[in-house]
Amino acid sequence: MHYTIDSAQRTITVTGSSDLNRGMLESMFDTLMNDAEFDPTFDTVADFSAVVYLDLNLIDIQLLAENTMRGKVRLLGMRLGRFAIITGM
């Protein structure tokens with residue numbers, strides 16, 4: 001699981017493959033939020049089309065992402081960017 005931040009396009013792309021569980025997702029969001037380029041107002045696309053086994057449902061993934069970033073958004077007084085999930089399931 002990894003992410004890329006495109007500041008020019010104001011997007012974050014998260015890519016998962018193989019197996020994905022809550023711990024992996026939480027760890028990635030912790031790393032993302034500590035990235036100097038991270039901006040919670042950027043739109044996020046989570047591409048999980050290569051994930052073989054998902055130990056979460058899609059609503060849990062979206063809520064985890066939004067709740068993780070929402071605290072930083074409130075602190076900065078900003079609007080949370082849009083979030084989209086792509087799956088092959």
Side-chain angles (χ1 to χ4, degrees):
M1 172 159 230
H2 68 277
Y3 68 87
T4 55
I5 299 173
D6 185 336
S7 297
Q9 295 293 317
R10 299 187 52 77
T11 59
I12 300 167
T13 303
V14 178
T15 307
S17 59
S18 189
D19 295 348
L20 181 60
N21 62 43
R22 183 178 199 88
M24 295 166 71
L25 201 57
E26 287 173 343
S27 176
M28 190 277 311
F29 278 116
D30 286 342
T31 303
L32 173 64
M33 288 187 58
N34 289 307
D35 190 307
E37 291 186 67
F38 173 71
D39 184 331
T41 65
F42 287 7
D43 293 334
T44 303
V45 175
D47 182 357
F48 297 144
S49 60
V51 171
V52 176
Y53 177 75
L54 184 61
D55 193 23
L56 294 163
N57 67 47
L58 297 177
I59 293 171
D60 288 338
I61 294 170
Q62 186 161 1
L63 288 174
L64 178 62
E66 290 174 355
N67 290 335
T68 301
M69 291 189 260
R70 195 174 309 279
K72 191 162 190 171
V73 169
R74 278 193 198 120
L75 225 116
L76 300 172
M78 299 175 165
R79 175 192 73 80
L80 187 63
R82 295 173 294 179
F83 191 86
I85 301 172
I86 302 167
T87 70
M89 299 176 175

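Residue numbers count from 1 along this sequence.
Considering every non-hydrogen atom in both Thr11 and Phe42, the closest pair reads N-CD2, 3.9 Å. Nearest heavy atom pair, residue Ala50 against residue Gly16, reads CB-O, 3.8 Å. Nearest heavy-atom pair, Asn34 versus Asp30, reported as atom, atom and distance to 0.1 Å: ND2-O, 2.8 Å. Nearest approach of Thr41 to Arg10, heavy atoms of both residues: OG1-NH2, 2.8 Å.
In this structure, CG in Leu56 is found 9.0 Å from CZ in Phe48, a value given to the nearest 0.5 Å. The structure places OG1 of Thr31 at 6.0 Å from OH of Tyr3, a figure rounded to the nearest 0.5 Å. Note that OG1 of Thr13 and CG of Asp6 are 7.5 Å apart. Values are rounded to the nearest 0.5 Å. Distance CD1/Ile12 to CG/Asp35: 8.5 Å, rounded to 0.5 Å.
Applying the side-chain contact (heavy atoms from CB on, under 4.5 Å) test between Met1 and each of Val51, Leu25, Thr15 identifies Leu25 as the sole match.
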Report task. Let me see the working for Tyr53 and Asn21 under side-chain contact (heavy atoms from CB on, under 4.5 Å), right down to the final yes or no. Result -> CA-CA 8 Å; Tyr53 177 75; Asn21 62 43; over 6 Å; no
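Arg22 places none of its side-chain heavy atoms less than 4.5 Å from the side chain of Asp55.
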